[in-house]
Q: 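What follows is a single structure, and I will ask about it in a moment.
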Amino acid sequence: MLYPIAIEKGSDTEAFGVVFPDVEGCFSAGDSFEEALINAKEALTMHLELLAEQGELPPLATSVDQHIDNLDYQGWVWALVDIDVEPYMGKANKVNVTLPNLLIKKIDDAVEGASQYKNRSHFLQVAAAHELSANI
């Protein structure tokens, strides 16, 4: 999943600050831009581990477009941190699901036409996580 990050430019005396707008309480910093990016991924990994220990799902990532006009980040640089969230969701279990044929066809068509879905199960996993996060 690609999480947007806002990076506040540092200086000779101040670190580059990193904020994850989609992940409440997750932030990082680095003495250089490159270090800030590396530390951001480490901070997100640790944050997702903590959420998993507490029985919480990883928050869904939105696009940078959702945040780019936010005045709180005016003048900040945007980047993305790519992280596989599946390890923080627990062991996978196989379940039987009954769906109407037309819905299965629509799901399969969506999976075939979009590279973000690995397969039908992954599509259903993403859809379930989206629905659960919307109802919290």
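As the structure is a computational prediction, the values presented were derived from the model and not from experiment. The residues of the chain are indexed from 1 along the displayed sequence.
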Q: Taking a hydrophobic cluster as the set of Ile, Leu, Val, Met, Phe, Trp and Tyr residues connected by side-chain heavy atoms closer than 4.5 Å, whether directly or through intermediates, do M46 and L51 fall within one such cluster?
A: no

Q: Let me check something: do I83 and L60 share a hydrophobic cluster, defined by ILVMFWY side-chain heavy atoms less than 4.5 Å apart, either directly or through other members?
A: yes

Q: Out of curiosity, M1 CE to L80 CG, how far, rounded to the nearest 0.5 Å?
A: 12.5 Å

Q: Would one find more than 12 heavy atoms of other residues, nucleotides or ligands at under 6.0 Å from atom CD of Q54?
A: yes

Q: Under the side-chain contact (heavy atoms from CB on, under 4.5 Å) rule, what do E56 and L50 come out as? Steps first, then yes or no, please.
A: CA-CA 9 Å; E56 298 290 330; L50 179 62; over 6 Å; no

Q: Grouping I, L, V, M, F, W and Y whenever their side-chain heavy atoms are under 4.5 Å apart, do L132 and Y117 come out in a common cluster?
A: no

Q: What pairs with D108 under side chain to side chain donor-acceptor pair (under 3.5 Å), at least two apart in sequence or on another chain?
A: R120

Q: For residues 85-95, which side-chain donor-acceptor pairs fall under 3.5 Å, sequence neighbours excluded?
A:
| from | atom 1 | to | atom 2 | distance (Å) |
| --- | --- | --- | --- | --- |
| E86 | OE2 | K118 | NZ | 3.1 |

Q: Let me have the donor-acceptor pairs involving side chains of residues 2-18, under 3.5 Å, with sequence neighbours excluded, atom names and distances please.
A:
| from | atom 1 | to | atom 2 | distance (Å) |
| --- | --- | --- | --- | --- |
| Y3 | OH | P59 | O | 2.4 |
| S11 | OG | T13 | N | 3.3 |
| S11 | OG | T13 | OG1 | 3.4 |
| S11 | OG | E14 | N | 3.2 |

Q: Crowded around E49 CD? As in, over 12 foreign heavy atoms under 6.0 Å?
A: yes

Q: With a 3.5 Å cut-off and sequence neighbours excluded, list the donor-acceptor pairs that the side chains of residues 96-106 form with protein atoms.
A:
| from | atom 1 | to | atom 2 | distance (Å) |
| --- | --- | --- | --- | --- |
| K105 | NZ | D109 | OD2 | 2.8 |

Q: ring-ring contact (aromatic ring centres under 6.0 Å, His included): which pairs involve residues 27-51, sequence neighbours left out?
A: none

Q: May I have the list of side-chain donor-acceptor pairs in residues 61-71 shorter than 3.5 Å, sequence neighbours left out?
A:
| from | atom 1 | to | atom 2 | distance (Å) |
| --- | --- | --- | --- | --- |
| T62 | OG1 | D22 | OD1 | 2.9 |
| T62 | OG1 | D22 | OD2 | 2.9 |
| T62 | OG1 | H67 | NE2 | 2.9 |
| S63 | OG | D65 | N | 3.3 |
| H67 | NE2 | D22 | OD1 | 2.8 |
| N70 | OD1 | D72 | N | 2.8 |

Q: Is the shortest side-chain heavy-atom distance between E35 and I38 below 4.5 Å?
A: no

Q: How long is the span from the CG atom in L48 to the CG atom in L57, to the nearest 0.5 Å?
A: 11.0 Å

